[in-house]
Chemist: 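Would you mind keeping the following structure in view while I ask a few things?
Indexing begins at 1, ligand by ligand and atom by atom, following the structure's order.
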Amino acid sequence: MTRLFTLSLTSLGSKVVVALTGLGFAGFVVFHMLGNLQVFQGADALNTYAAFLRELPILLWSARLGLLLIVVVHIGLTIRLALHNRRARPVPYAVHEYRKASWASRTMAFTGIALLLFLLFHLLHFTGGVVDSSFSDRLDFRGHRDVYGNVVHAFQNPWYVIVYLAAQAVLGLHLSHGVSSSLQTLGLEHPLLNRLFRAAGPAVAGIVVAGNVAIILAIALGVLRA
Ligand code: HEM
């Protein structure tokens, strides 16, 4: 355990832990999007699924604490690595070599911060009911929390549609570069694997964003109603 901790403090160890926590977060986002797609099966399906996830408090709180740990460690070690790199090269390059770096890779710090701000807003919105409390206490005919009603109510408001669509753009950019570069950090050096890893990021990002945007637009355009 102590060796594992010491290893995570080295530069290579930090990169590996950043990669693992990033992939863990990506896994959650995919799982969350797939679960949310049940909105297309109607209120009963989504509310029963949400109630099932909350049925076992130990499981729920382990998952929440695990996710919190992943996010804190990921951000903490990323900042540490950036400071370490700056200390190693205090004078910035006179000419930035941007030709090879993709737009997604150059905007990782910006998209990371924006994603964190969105996550805080999202938790205050849907989980905490602080941003809009009109649906947070409503129950459906089974006595389950009306998560479906809450989601539909949110995306009938154009301001939430804009915020959530903007968040999808940020999430897509962050996942697109993050997943590929995490797999490359963890993977073996092989041209075929490298090509696969480079394609995996945009693929995962595309699937998650497509699923989330489908939910937002289906409600905004009136395909799904309360
Ligand atoms: C259209 C996109 C999304 C929709 C409709 C959505 C919907 C929801 C809803 C309804 C909840 C509350 C669930 C409940 O109270 O039982 C929730 C919780 C949550 N969402 Fe999202 N979400 C979306 C995107 C995202 C994204 C992109 C992230 C991550 C960046 C995210 C992270 C979370 C987290 C961490 C929770 C807290 C889970 C918990 O209560 O333990 N969501 N989401």
Chemist: Under 3.5 Å, which donor-acceptor pairs link side chains of residues 198-215 to any protein atom two or more places apart or in another chain?
Modeler:
{"unit_1": "N212", "atom_1": "ND2", "unit_2": "Q168", "atom_2": "OE1", "d": "3.0"}

Chemist: Would N212 count as being in polar contact with ligand 1, using the rule that some N or O on each side must be under 3.5 angstrom apart?
Modeler: no

Chemist: Minimum heavy-atom separation for A45 to Q38, with atom names?
Modeler: O-OE1, 3.8 Å

Chemist: Name the option, out of W61, F118, F135, Y148, that contains the heavy atom nearest to atom 26 (C) of ligand 1.
Modeler: F118

Chemist: H122 vs F126 aromatic rings, parallel, tilted or perpendicular, using cut-offs 30° and 60°?
Modeler: perpendicular

Chemist: Considering the heavy atoms of F25, write down every atom of ligand 1 situated less than 4.0 Å from one of them.
Modeler: 29 (C), 30 (C)

Chemist: I'd like to know if M33 contacts ligand 1, where contact means a heavy-atom distance under 4.0 Å to any ligand atom.
Modeler: no

Chemist: When you compare ligand 1 with R145, is there at least one nitrogen or oxygen pair between them that comes in under 3.5 angstrom?
Modeler: yes

Chemist: Given H174, H32, R54, which one has a non-hydrogen atom that is nearest to atom 16 (O) of ligand 1?
Modeler: R54

Chemist: Provide, to 0.1 Å, the distance between atom 37 (C) of ligand 1 and the closest protein heavy atom, together with that atom's residue and name.
Modeler: L123 CD2, 3.4 Å

Chemist: Which heavy atom of D140 sits nearest to which heavy atom of N47, and what is that distance?
Modeler: OD2-ND2, 3.1 Å

Chemist: Just heavy atoms, cut-off under 4.0 Å: does L119 contact ligand 1 by side chain, backbone, both, or neither?
Modeler: side chain

Chemist: With atoms numbered from 1 as shown, which atoms in ligand 1 lie under 4.0 angstrom from a non-hydrogen atom of L67?
Modeler: 35 (C)

Chemist: Considering only heavy atoms, which of H122, Q168, R64 lies nearest to atom 42 (N) of ligand 1?
Modeler: H122

Chemist: With heavy-atom distances below 4.0 Å as the criterion, list the atoms of ligand 1 near V151.
Modeler: 10 (C)

Chemist: Using the ring of each side chain (for Trp, its six-membered ring), is Y164 parallel, tilted or perpendicular to F155, with breaks at 30° and 60°?
Modeler: perpendicular

Chemist: Check each atom of ligand 1 against the heavy atoms of V147 and keep those under 4.0 Å away; list them by number with element.
Modeler: 10 (C)

